[in-house]
Visitor: 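Next up is a structure, given as structure tokens.
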Amino acid sequence: MTRYLITSALPYINGIKHLGNLGGSMLPADVYARFLRQKGEDVLFICATDEHGTPAELAALEKNQDVETFCTEQHEIQKSIYQRFHLSFDHFGRSSSSQNAELTQHFCKKLMENGFIEERTIKQVYSVDDGRFLPDRYIVGTCPHCGYEAARGDQCENCTRVLDPTDLINPRSAVSGSSNLEIKDSKHLFLNLPAMESKLAAFIDEHEAEWPIVVTSIARKWLKEGLRERCITRDLKWGISVPKEGFEGKVFYVWFDAPIEYIGATAEWAEKDPEHRDWKSWWYDAKDVRYTEFMAKDNIPFHTIMFPATLFASGEPWKKVDYIKGFNWLTFYGGKFSTSQKRGIFTNQALDEFQPDFWRYWLMANTPENADSSFTFSSFAATINKDLNDVLGNFVNRVLKMTASKIGAAVPAGGEWTAVEKEFIQTLQKRVTDYTKYLSEMEFRKALTELRAIWVEGNNYLTAAAPWTVIKEDPEKAAMILRLALNVIRLYAVLSAPIIPETAEKIQKLLNLENAGYAWPKADLTEELQTLKAGHAFNVPEQPLFQKITPEAVTDLCARYGGNPDE
RNA sequence: CGCGGGAUGGAGCAGUCCGGUAGCUCGUCAGGCUCAUAACCUGAAGGUCGUGAGGUUCAAAUCCCACUCCCGCACCCA
């Protein structure tokens, strides 16, 4: 049987992530993982914090902490936020783990053995006052082409020309501002990507028809422009040390070890229960594994070119990705989420405002699958109020309350399905089939449209069956209608669980089905809709499932997070 | 000519790969119902698909060409 390996792009360690990070990789990956588990598949869902690199060092510096303490703290913060969002990682690891260090060094050795690594001496800028080498982008100075005074060492943002740090006039450190800089020779390792070109091109070709356009177009662009040898080491202290003589005090480039952490995190996972878990079976010569990666578009070059190149070059049968689900950006009122401008809402803030399912639902209904999509509080409120409150919440509420008040708080007995019921079930069946198909294909927007339509069918049926009228003339028939409606509620919990797990749980509790699980329905719903038998007691809700977001709340949120209530 | 992505009723989207005169959600208007969170259900109005009295075709939102506008690629950040 196929086993499903799922990874989400690793969130970077240097701070709490915003909604876009959540909606653009971790959350859709979670929905897919949950869906497959409900279908009874063997799933391993892996994520981790990406902890190396200069930004982590600088963020730690700013907080006056040593990098390791900083990372440990930030890792815990992020981990707890994701738990609160009910992200169902089998393991949420750390790229600074010993497992990752070991694997990264292993790959480096293999690549050296196979002749894909070259050693070169390059000139690096060293800041005497900072006591460290500075990456290109942390050197600022005057652009020799246009005279712009705040040009960075890698590119001038004014004239967009690509620069070398040594081109800059009056260079200084972006960290301290010190102009006491020296150019030093430094030995580094380069990954010979050009040697991998044909193999990578074949790899992309192989998947071209299947993968999203945003993925293949970015990958092809890189190939078309020609691959260059890529430096995979850095003059930093924080990171995975390079297992080679003469490279003491140097570490791997963060983008070299980060994807390897997918494997590393799996090893971390296995180590917690070595008796029953075998990380290698998921990654090495794993022919029965289907591997899906989730990421936003900025990550695509690393996952279509760099990481596969590493795996190919090892010469070992490491598992390569089968499907890449790539996303565009989620924007905030059409613009970028911005820390410094206080634009946008961060994951911790989001949880302080509303229950996780509100966010999960909106983000999945508006996933930037084909184009960037824009978050606005008005849209958020409208979607939550309509779909979750009026359509789903109201359906659950009206059925439970009516049954309890007219008959009693248990599934009523009597009556047989009529043509109306059979037609309703057929409609549901078709929609559930489509919904299942969309989830399997990771077509999330379409899936959510379908899920909503499934909820609407319930209300539709109630209007057609009108149990509140029927009960006066034919109590048996009314009992049958409500029995079916109660079973539909249960079905909704199962179908909604991948998207809004907390709500599914609430519904199961209302139905006294707390440990019943969420096994995905079969194609034929006949049996499924008779799961709850006559006499099965349920709880009458004191409150509806959800509460609406008022216009005043929208105004308030906009004021606090930088949005426009009219948009 | 830097790269990439967009442009479809008031708003947000689908349809474009495999051409055959537009579909969904919200909003608006009208009606139905009264079990339910003034919720639910039904119907209607509203677009000729960025521009070019361009090209191909019996036929184009859908293929080809030219142009225009918008958004990312620049601190923070994905």
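If you're wondering where the values come from, they're calculated on a predicted model, not measured in any experiment.
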Visitor: State which of B:C35, B:C77, B:C40 makes the closest approach to the side chain of A:K406.
Guide: B:C35
Visitor: Mind calculating the distance between CZ (A:R445) and C1' (B:G12) to the nearest angstrom?
Guide: 8 Å
Visitor: Determine whether the aromatic ring centres of residues A:F354 and A:F380 are separated by less than 6.0 angstrom.
Guide: yes
Visitor: For the aromatic rings, using the six-membered ring if either is Trp, is the centroid distance between A:W455 and A:Y435 under 6.0 Å?
Guide: no
Visitor: Run the salt-bridge test on A:R560 and A:E353 with the 4.0 Å N-O cut-off and return the result as yes or no.
Guide: yes
Visitor: Decide if the gap between the ring center of A:F92 and the ring center of A:H75 is smaller than 6.0 angstrom.
Guide: yes
Visitor: Counting only Watson-Crick or G-U wobble pairs whose two distances fall under 3.5 Å, which nucleotide matches B:G19?
Guide: none
Visitor: Could you tell me whether the side chain of A:E261 reaches within less than 4.5 Å of the side chain of A:L10, counting heavy atoms only?
Guide: yes
Visitor: Holding to salt bridge (charged side-chain N to carboxylate O under 4.0 Å, His left out), I want the full list of residues that pass it with A:E57, two or more places apart in sequence or in another chain.
Guide: A:R132
Visitor: Can you tell me the base-pairing partner of B:U57? Count Watson-Crick or G-U wobble geometry only, both distances below 3.5 Å, and say none if there is no partner.
Guide: none
Visitor: For nucleotides B:G19 and B:C64, find the distance between their C1' atoms and express it as a whole number of Å.
Guide: 13 Å
Visitor: If you measure from SG on A:C71 to CZ on A:R94, what distance do you get to the nearest 0.5 Å?
Guide: 6.5 Å
Visitor: Could you tell me whether the phosphate oxygens of B:G5, OP1 or OP2, come under 4.0 Å of any side-chain nitrogen or oxygen in A:N328?
Guide: no
Visitor: With 3.5 Å as the limit, what N/O pairs link the protein to nucleotides 9-11 of chain B?
Guide:
none

Visitor: When both hydrogen-bonding distances must be under 3.5 Å and the geometry is Watson-Crick or G-U wobble, what is B:G4 paired with, if anything?
Guide: B:C71
Visitor: Using a strict 4.0 Å threshold on nitrogen-to-oxygen distance, state whether A:E450 and A:K437 make a salt bridge.
Guide: no
Visitor: Rounded to whole angstroms, how far apart are CD on A:E62 and C1' on B:C77?
Guide: 14 Å
Visitor: Report yes if the distance between the aromatic ring centroids of A:F395 and A:Y492 is under 6.0 Å, otherwise no.
Guide: yes
Visitor: By a strict heavy-atom criterion of less than 4.0 Å, which residues belonging to residues 451-471 of chain A are in contact with RNA chain B?
Guide: A:R452, A:V456, A:N459, A:N460, A:T463, A:W468
Visitor: Take atom CD1 of A:I13 and atom P of B:C77, then tell me their distance rounded to the nearest Å.
Guide: 13 Å
Visitor: The side chain of A:T449 is closest to which nucleotide in this list: B:U37, B:C40, B:C24?
Guide: B:C24
Visitor: Starting at the 5' end of RNA chain B, which residue's closest nucleotide do you reach first, A:N366 or A:L10?
Guide: A:N366
Visitor: Going by atom types alone, do A:W238 and A:T54 pair a side-chain donor with an acceptor below 3.5 Å?
Guide: no
Visitor: Report the nucleotide, chosen from B:G72, B:C77, B:G15, that has the shortest atom-to-atom distance to any side-chain atom of A:K446.
Guide: B:G15
Visitor: Using Watson-Crick or G-U wobble geometry with both distances under 3.5 Å, which nucleotide pairs with B:G43?
Guide: B:C29
Visitor: Whole angstrom is fine here: how far is it from CG in A:L58 over to P in B:C76?
Guide: 9 Å
Visitor: Could you tell me how far apart A:K386 (NZ) and B:A38 (C1') are, to the nearest whole angstrom?
Guide: 11 Å
Visitor: Is the phosphate of B:C77 approached by A:N21 (side-chain N or O, under 4.0 Å from OP1 or OP2)?
Guide: no
Visitor: Considering heavy-atom distances to RNA chain B, does A:S405 or A:W329 have its closest nucleotide positioned more toward the 5' end?
Guide: A:S405
Visitor: For the pair made of CG in A:N385 and C1' in B:U37, what is the distance, rounded to whole Å?
Guide: 10 Å
Visitor: Take atom OH of A:Y438 and atom P of B:A14, then tell me their distance rounded to the nearest Å.
Guide: 13 Å
Visitor: Establish whether the base of B:U37 is bridged to the side chain of A:N389 by a donor-acceptor pair shorter than 3.5 Å.
Guide: yes
